Amino acid sequence: MPDLHEQQQVYQFSNLHSREAFDGLYQRYIVAIQKYVHYRIPGSENVDDLTAEVFGKAWEYAVKNPKVEIRNFRALLYKIARNEIANFYQAQGRIPMLVELDDPEEDTEVPDARTDSLQKLLNKQDQTRLIKTVQKLPEPYKEIVALRFFEELEIAEIAEIIGKTMGNTRVLIHRSVKALQKIYDREGTDPTIEIS
Amino acid sequence: MTEKELIRQLKLVKTAYYDKLAPDAETVDKIHQIVMARVGQCGTAPVVVSKLSFFVGFLRYLVPPQLAYGVALLALVISSAVTATISQRALPGDSLYSAKLALEKTHARFVSNPASRAKVQMEFAGRRLEEAATAPTAMGAKEALQNFSQEVKSAKATLKEAADPLQVEEATYELAKKARQYKEKLQETQVRSTREVDVATLHDAEQALQEAQEPSVTDGDGGL
């Protein structure tokens with residue numbers, strides 16, 4: 001939930017087109033958005049330009065839609081970022097993986113990781129292996145891992161960002177973890193996989 | 001590795017990997033310049049409003065419409081309850097006196113059983129008599145007495161709508177008992193009072209009380 005100061009900034013930006021307020025919001029979210037974009041398109045030279053595009057489009061969205069009241073600026077930024085990344089992949093000829101959510105065999109119980117306290121520390125090798133595994137995840141799951149476990153967003157906000165119901169979002173989170181687990185365990189048994 | 005363990009370990013990956021993707025200060029500035037240049041190109045001037053307009057607008061923005069309606073409804077309920085409480089003490093001539101009478105009428109309407117409603121109306125008649133005794137002006141006392149007569153007659157008329165003979169019998173007894181009490185009180189009030197209340201009003205009140213002591217003839221068939 002944004003604090004009162006942020007709500008004031010969002011109101012001033014979206015309703016009064018205040019550049020000062022927009023600047024404040026930029027400073028608040030530039031690191032998070034740039035990290036997210038960098039994570040989604042690693043090694044690309046377009047990360048900075050794409051990040052600038054996200055904020056530029058956020059401004060234009062407010063200006064061109066004066067009757068739309070923006071309540072969650074962070075969610076708006078992530079939505080725009082997702083669209084820009086999807087356009088980037090399309091331009092590169094990469095077809096995104098479709099995720100079906102109607103599989104009844106899936107166990108939809110999702111443990112809330114952030115309420116668990118850390119009991120064990122990984123050694124460095126395991127950590128590196130897990131980073132590699134995360135990088136190998138298919139795009140929809142890679143995105144979910146970033147939003148849920150790295151950006152630590154609430155499920156409701158993630159649902160708003162990705163345009164799905166809370167139930168579907170929970171299923172996606174669960175499947176992301178399952179996919180991660182599968183790849184992680186598979187990589188552990190394959191001696192030919194290089195860990196960078 | 002179990003699923004739970006995997007999720008826990010992702011927290012370490014966040015620190016070891018994800019957080020390290022953060023831009024440096026130079027990159028933040030560079031992107032800032034690109035963004036603000038684009039904002040400038042849009043050519044949109046900021047909207048200038050007064051402090052009051054800003055305050056009202058921001059308040060409306062903070063409070064979603066559904067919450068605003070809920071708060072307004074709650075305020076209405078609370079103010080109604082406060083008005084009802086204050087009006088209880090209102091006397092003829094006070095600004096809230098008519099509100100008091102209206103509330104009592106509404107109360108009576110919610111009593112569906114005619115026999116019970118008649119008893120309620122007789123109770124309200126008693127209040128009118130109290131008001132007549134304590135009203136600050138002769139006009140107020142007269143108004144209260146007129147209302148008293150009206151309430152007594154209404155109680156009698158309501159009782160005629162009752163169908164259950166047992167309920168009618170019981171209510172008739174209650175009304176007659178109250179009527180006797182009120183008659184005594186009316187006489188006491190006349191003796192004590194130094195204000196003049198016109199004879200017609202007094203006669204009307206006494207007449208109403210006399211009729212209230214008579215047995216009731218119902219409109220209903222009494223279940224026969």
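Letters go in sequence order (proteins before strands), and every chain restarts at 1. Nothing here was measured: the structure is a model prediction, and the numbers come from that model.
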Give the intermediate values and the outcome of side-chain contact (heavy atoms from CB on, under 4.5 Å) for residues B:L21 and A:V37. CA-CA 9 Å; B:L21 299 174; A:V37 172; over 6 Å; no
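- Taking A:E69, A:K35, A:H17 one by one and counting their heavy-atom pairs under 4.5 Å with chain B, the maximum is reached by A:K35.
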Test log, rule side-chain contact (heavy atoms from CB on, under 4.5 Å), inputs A:L180 and B:L10: CA-CA 10 Å; A:L180 194 62; B:L10 278 170; 3.8 Å; yes
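- Relative to the ring axis of A:F149, B:R8 does not place its NZ or CZ within 45° and under 6.0 Å from the centre.
- By number of non-hydrogen pairs under 4.5 angstrom with chain B, the leading residue of A:V47, A:T51, A:N15, A:D23 is A:D23.
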Stepwise, does the side-chain contact (heavy atoms from CB on, under 4.5 Å) test hold for A:V134 with B:Y18? CA-CA 10 Å; A:V134 167; B:Y18 190 78; over 6 Å; no
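- For the set A:I131, A:V145, A:V31, the count of heavy-atom pairs under 4.5 angstrom toward chain B peaks at A:I131.
- Put simply, of A:Y36, A:F55, A:Y26, the one with the most heavy-atom pairs under 4.5 Å next to chain B is A:Y26.
- Only the side chain of B:V49 has a heavy atom closer than 4.5 Å to any heavy atom of chain A.
- Within the 4.5 angstrom heavy-atom criterion, atoms from both the backbone and the side chain of A:Y39 approach chain B.
- Taking OH of A:Y184 as the start and CD of B:Q9 as the end, the distance is 6.0 Å to the nearest 0.5 Å.
- For a heavy-atom cut-off of 4.5 Å, chain A lies close to B:T27, B:V28, B:K30, B:I31, B:H32, B:I34, B:V35, B:M36, B:R38, B:V39 in residues 24-39 of chain B.
- Closest approach of B:T2 and A:Q181 over heavy atoms only: C-NE2, 3.4 Å.
- Proximity to chain B involves both the backbone and the side chain of A:E53, based on heavy atoms less than 4.5 angstrom apart.
- Heavy-atom proximity under 4.5 angstrom to chain A picks out nothing from residues 105-116 of chain B.
- Of all the heavy atoms in B:Y61 and A:I70, the pair that sits closest is OH-O, 2.7 Å.
- Scanning residues 90-103 of chain B against chain A with a 4.5 Å heavy-atom cutoff picks out nothing at all.
- The closest side-chain heavy-atom distance from A:Q8 to B:F54 is below 4.5 Å.
- Atom-to-atom distance recorded for A:K64:NZ and B:C42:SG is 7.0 Å, nearest 0.5 angstrom.
- The aromatic rings of A:Y11 and B:F58 sit tilted, their planes meeting at an angle between 30° and 60°.
- Counted within 6.0 Å of CD on A:Q27, heavy atoms from surrounding residues, nucleotides or ligands total more than 12; the atom is thus considered enclosed.
- Between the side chain of B:Y17 and the main chain of A:T128, no donor-acceptor pair closer than 3.5 Å is present.
- For B:E130, the salt bridge (Lys or Arg N to Asp or Glu O under 4.0 Å) partners at least two apart in sequence or on another chain are B:K185.
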